[in-house]
2 protein chains.
Amino acid sequence: MSESAPETAKNTVREAQTERRVTINDLADALGLTKGTVSRALNGYTDISETTRHRVAAMAETMGYRASAQARAIRTGRAHSIGLVLNVDAGNAHKPFLTDFIDGISRAVSAENWTLTVATAISETDEMATYRRLLDEKKVDGFILPRTRIVDPRVDLLLRANMPFVLYGRTGEMEGCASVDVAGELAMRHAVELLSGLGHRKIGYVGGGAVYNYAPLRLEGFLDGMRRCGLAVDPDLITSGAMTPDEGHALAMRMLTRDAPPTAIVAALDQAALGVCAAAQACGLDVGRDLSVIGYDGIPEGAYARPPLTTFAVDRRAAGSALAGMLLARIRGTRAEDLRQLLEAQLVLRGSHGPPAGDSAALAARIEAATPATA
Amino acid sequence: MSESAPETAKNTVREAQTERRVTINDLADALGLTKGTVSRALNGYTDISETTRHRVAAMAETMGYRASAQARAIRTGRAHSIGLVLNVDAGNAHKPFLTDFIDGISRAVSAENWTLTVATAISETDEMATYRRLLDEKKVDGFILPRTRIVDPRVDLLLRANMPFVLYGRTGEMEGCASVDVAGELAMRHAVELLSGLGHRKIGYVGGGAVYNYAPLRLEGFLDGMRRCGLAVDPDLITSGAMTPDEGHALAMRMLTRDAPPTAIVAALDQAALGVCAAAQACGLDVGRDLSVIGYDGIPEGAYARPPLTTFAVDRRAAGSALAGMLLARIRGTRAEDLRQLLEAQLVLRGSHGPPAGDSAALAARIEAATPATA
DNA sequence: TGCGTCACCGAAACCGGTTTCGGCAACAGG
DNA sequence: CCTGTTGCCGAAACCGGTTTCGGTGACGCA
């Protein structure tokens, strides 16, 4: 009926224009040029006059043209995205590091109009398959490899496929590998030196997951510190494999219920350190006085623990940004060997450390008294 | 010279094969078919005989063929990726939610061989530009919109561009919007009911950022609880704008130094609640006894705070997975109106709440005594 | 005037897939 | 035996860009 009013106001608003994407052909038509010329004008080829270059740029602006990432990628081979594969296999052990890390990466790549492509793997085999998929599908131009292991199959895969990557951490065979890492070994050494300076002589160590590359490094740093300070290393006080509070709790408990307990414990991970503190408190100890604890990572929980945890904080956002920047450089041709960076963790002095309240024997007596006899 | 030994073992290992990607043409050649036929065989067209379909699948398997995501995307229009834009404008207020959230999303999309594309914006205008860029470049097939605001320009943009999206949170005008949200208003109401049941009659409220959609909802939930419990609402005890511990601290301090301080405070965010606890402690109060505090979010710091924070925990991983699943459904054609989900936060009873130790007047006296007179 | 340069742009191939269209052989039905 | 389906596949267009290759007109110079 209302043929005379084919579109009501409502219709105009609703159906509006479907806003079809404007392609390079539309642009070329509007300009009376061929799409090849338009493409070259937009990409800074020298055989285009300054005049038409400006005409094209202006028209592109007003028409809101932006090249399709995939149409471009198919010819240039560049997806303008970097990949990050999360492996949730190892429980939530990756948790504390993720937020700032992703933020750092994403910020760095977004600044150059690239994107970050995230995929999740739920097992080790799935992890490799995921890398292969992203690689074969050409979804990314390079990878950031978190949580490097001592011998890391991902490195083989990517080297063989000639796909750029940067390690967050180091690995056994570094040939062809760019990397950013935080010098955990230095932090561990400094932790010992700090404690030694306060008067501690019996210091225990709670290490992290053995397959990860940082584990031997941090242990070595700890031992190095002991050596430099002239302290004896009690093999029974060197433990490893704690990546959660519970695991840290268990290892610390074993140390503390020995005849000669340590007066200080250094943990390779804050998560473990938190468990160490809990164990000490379960033994009736006052953390920071009876037992000193120093962690590593700088997770937010540490600041709210009682006492607040003294730790070495790593700037994960900075690490992420550095990694992203390096990866872009790597993709653009810089040699892997020229892309290695070692950051330092920052000591955050809080309340879980202090001078020893007594020697190991005195501590043993206190623990004995507080702990309900197990047999 | 050594023409007779053109490649040493080293060379063989090093230069190996460059491992050129195997394309659909390679596959077609190897099979003696045309690429069109191969494509149809792989994509389940019915006009391909079962025999050749199997031949193609087998050969694809052995040759390790996988279709290029972009070459496919250019024709089908599907990038097989969903977008998430992080806005770091609002400081690190987004922090607590990110890790599990991304994990949940990524896990859900990875299960279908899609990916998550992350970009970061550093301001509000940059944010809109980033959405537009991802949209124009066709990098993603849909968006998850975190931190919805009451009036949200992103919704307009995406509706107009006809690009699927799902809100994490709700917004003022929900037409055409799919969404997942956690019913914060319910939690706030339950918090009041819990406190009222313990005997509290003067309860304060510390709200979050006003522009966000959850702010009025949670406040309304709080007021609803007060109403249902027959408690009087003191306007001076209703505050808002706290998204950090410091801001929570400031607001709580103002409430506590009034003539008639509350015996309990409900906070819309754990971050703020943590500040409330600190303020109470600065006033010489024992949180959990002298003042009850209940938060919302379930951030990890809360578990380590002293006393550990009673809160309503939201399962961000589940929310992320739900969002991703819905977005995929939306992209595949489900109506937005059929994609709405309201989750519930889970009450985590810890140590920051309890029955009131006395009435408001008694509390005021204690605070007066503990606080150094300011004038 | 004739010829070589150079600046600038059009035409077309190409990237790696998907999708449409048409043709051929085999087979069934009349 | 002829025709009409049907099953199956080849050929070619197409998606939206990039890049190579030539060709044209203006200009300089002999």
Side-chain angles (χ1 to χ4, degrees), chain A residues 19-57 59-60 63-81 113 133-141, chain B residues 19-57 59-60 63-81 113 133-141:
Chain A
E19 293 227 8
R20 214 177 55 71
R21 256 180 52 81
V22 23
T23 73
I24 198 172
N25 285 310
D26 303 333
L27 235 190
D29 286 353
L31 286 164
L33 296 172
T34 62
K35 62 177 186 174
T37 303
V38 171
S39 174
R40 276 170 300 164
L42 254 21
N43 292 332
Y45 278 60
T46 56
D47 62 344
I48 302 291
S49 77
E50 204 58 25
T51 324
T52 60
R53 184 191 313 287
H54 279 116
R55 271 186 63 218
V56 172
M59 183 63 85
M63 294 183 67
Y65 168 74
R66 195 128 32 169
S68 151
Q70 22 265 0
R72 164 181 296 160
I74 188 182
R75 188 78 227 260
T76 65
R78 285 273 121 93
H80 292 276
S81 189
N113 281 356
R133 175 167 68 87
L134 262 43
L135 200 149
D136 288 343
E137 289 184 353
K138 286 200 158 216
K139 276 214 161 182
V140 301
D141 300 322
Chain B
E19 293 228 5
R20 215 176 54 71
R21 257 181 51 81
V22 24
T23 73
I24 198 172
N25 286 309
D26 303 333
L27 235 190
D29 287 352
L31 286 163
L33 297 172
T34 62
K35 63 177 186 172
T37 304
V38 172
S39 174
R40 275 171 300 167
L42 255 20
N43 292 331
Y45 277 61
T46 56
D47 62 345
I48 301 291
S49 76
E50 204 59 26
T51 325
T52 59
R53 183 192 313 288
H54 278 116
R55 271 185 65 216
V56 171
M59 183 63 83
M63 293 184 68
Y65 169 74
R66 196 128 32 169
S68 152
Q70 22 265 3
R72 163 180 297 160
I74 188 183
R75 187 78 227 259
T76 63
R78 284 274 123 92
H80 292 277
S81 189
N113 282 356
R133 174 167 68 87
L134 263 42
L135 201 150
D136 288 343
E137 289 184 354
K138 285 200 161 218
K139 276 213 160 181
V140 301
D141 301 321

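To find a chain, count down the sequence lines: A is the first, B the second, and so on, and within it residues start at 1. Being a predicted model, the structure only gives us computed values, none of them experimental.
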Next item on the list: Name the nucleic acid region contacted by A/Ser49, choosing base, sugar-phosphate or nothing; use a 4.0 angstrom heavy-atom cut-off, strictly under.
Entry: sugar-phosphate

Check: Considering only heavy atoms from C-beta outward, does the side chain of A/Met63 approach that of A/Asp26 to under 4.5 Å?
Finding: yes

Notebook entry, point to check: Is any side-chain nitrogen or oxygen of B/Ser68 closer than 4.0 Å to OP1 or OP2 of C/dC15?
Noted result: no

Margin query: Taking only side-chain N and O atoms of B/Asn43, does any of them lie within less than 4.0 angstrom of OP1 or OP2 on C/dT18?
Written below: yes

Next item on the list: Consider the side chain of B/Ala71, meaning its heavy atoms from C-beta on, and name the nucleotide among C/dC9, C/dT20, C/dG17 that approaches it most closely.
Entry: C/dG17

Next item on the list: Decide yes or no, distance alone: a donor-acceptor N/O pair under 3.5 angstrom between the base of D/dG10 and the side-chain of B/Arg40.
Entry: yes

Checklist line | Closest to side chain of A/Ile24, choosing from D/dT18, C/dT18, D/dC9 | finding: D/dT18

Next item on the list: Scan B/Thr52 against the nucleic acid and name what it touches under 4.0 Å (heavy atoms): base, sugar-phosphate only, or nothing.
Entry: sugar-phosphate

Check: In Å, rounded to the nearest 0.5 Å, how long is the span from CZ of B/Arg72 to CZ of B/Arg78?
Finding: 12.0 Å

Check: Which one, C/dC9, C/dT19, C/dG17, comes nearest to the side chain of B/Thr76?
Finding: C/dT19

Check: Phosphate oxygens OP1/OP2 of D/dG17: is one of them under 4.0 Å from a side-chain N or O of A/Tyr65?
Finding: yes

Next item on the list: Grab the CG-P distance between B/Leu31 and D/dC8 for me, whole Å please.
Entry: 17 Å

Next item on the list: Applying side-chain hydrogen bond (donor to acceptor under 3.5 Å, both in side chains), run through A/Arg55 and A/Thr52 and close with a yes or a no.
Entry: CA-CA 5 Å; A/Arg55 271 186 63 218; A/Thr52 60; over 6 Å; no

Notebook entry, point to check: Could you give the CZ-to-C1' distance, from A/Arg78 to D/dT18, as a whole number of Å?
Noted result: 14 Å

Margin query: Counting only side-chain heavy atoms from C-beta out, which of C/dG16, C/dG10, D/dG16 sits nearest to A/Leu33?
Written below: C/dG10

Next item on the list: Any chance you could measure A/Leu42, atom CG, to A/Arg53, atom CZ, to the nearest 0.5 Å?
Entry: 9.5 Å

Next item on the list: Determine yes or no for a side-chain-to-main-chain donor-acceptor pair under 3.5 angstrom, with B/Arg66 supplying the side chain and A/Asp136 the backbone.
Entry: no

Notebook entry, point to check: In whole Å, what is the span from the NZ atom of A/Lys138 to the C1' atom of C/dC15?
Noted result: 9 Å

Notebook entry, point to check: Expressed in angstrom and rounded to an integer, what is the separation of B/Arg72 atom CZ from D/dG16 atom C1'?
Noted result: 17 Å

Next item on the list: Specify the separation, in whole Å, of atom OH of A/Tyr45 and atom C1' of C/dA7.
Entry: 17 Å

Note to self: Tell me the interatomic distance from B/Ile74, atom CD1, to D/dC15, atom C1', rounded to whole angstroms.
What the structure shows: 4 Å

Next item on the list: Using whole Å, report how far CD of A/Gln70 lies from P of D/dG17.
Entry: 10 Å

Notebook entry, point to check: Are OP1 or OP2 of C/dG10 and a side-chain N or O of A/Thr34 less than 4.0 angstrom apart?
Noted result: yes

Notebook entry, point to check: Between C/dT18, D/dG16, C/dG17, which nucleotide gets closest to the side-chain atoms of B/Ser39?
Noted result: C/dT18

Note to self: Once hydrogens and angles are ignored, does a donor-acceptor distance under 3.5 Å link the base of C/dC8 to the side chain of A/Asp47?
What the structure shows: no

Next item on the list: Report yes if at least one side-chain N or O of B/Thr37 is closer than 4.0 Å to OP1 or OP2 of D/dC9; otherwise report no.
Entry: no

Notebook entry, point to check: Would you call B/Asp47 and B/Arg40 a salt bridge, taking side-chain N to carboxylate O under 4.0 Å as the test?
Noted result: yes

Checklist line | Distance below 4.0 Å between B/Arg75 side-chain N/O and C/dT19 OP1 or OP2 | finding: no

Next item on the list: Round to the nearest Å and state the distance from A/Lys35 atom NZ to D/dT20 atom P.
Entry: 16 Å

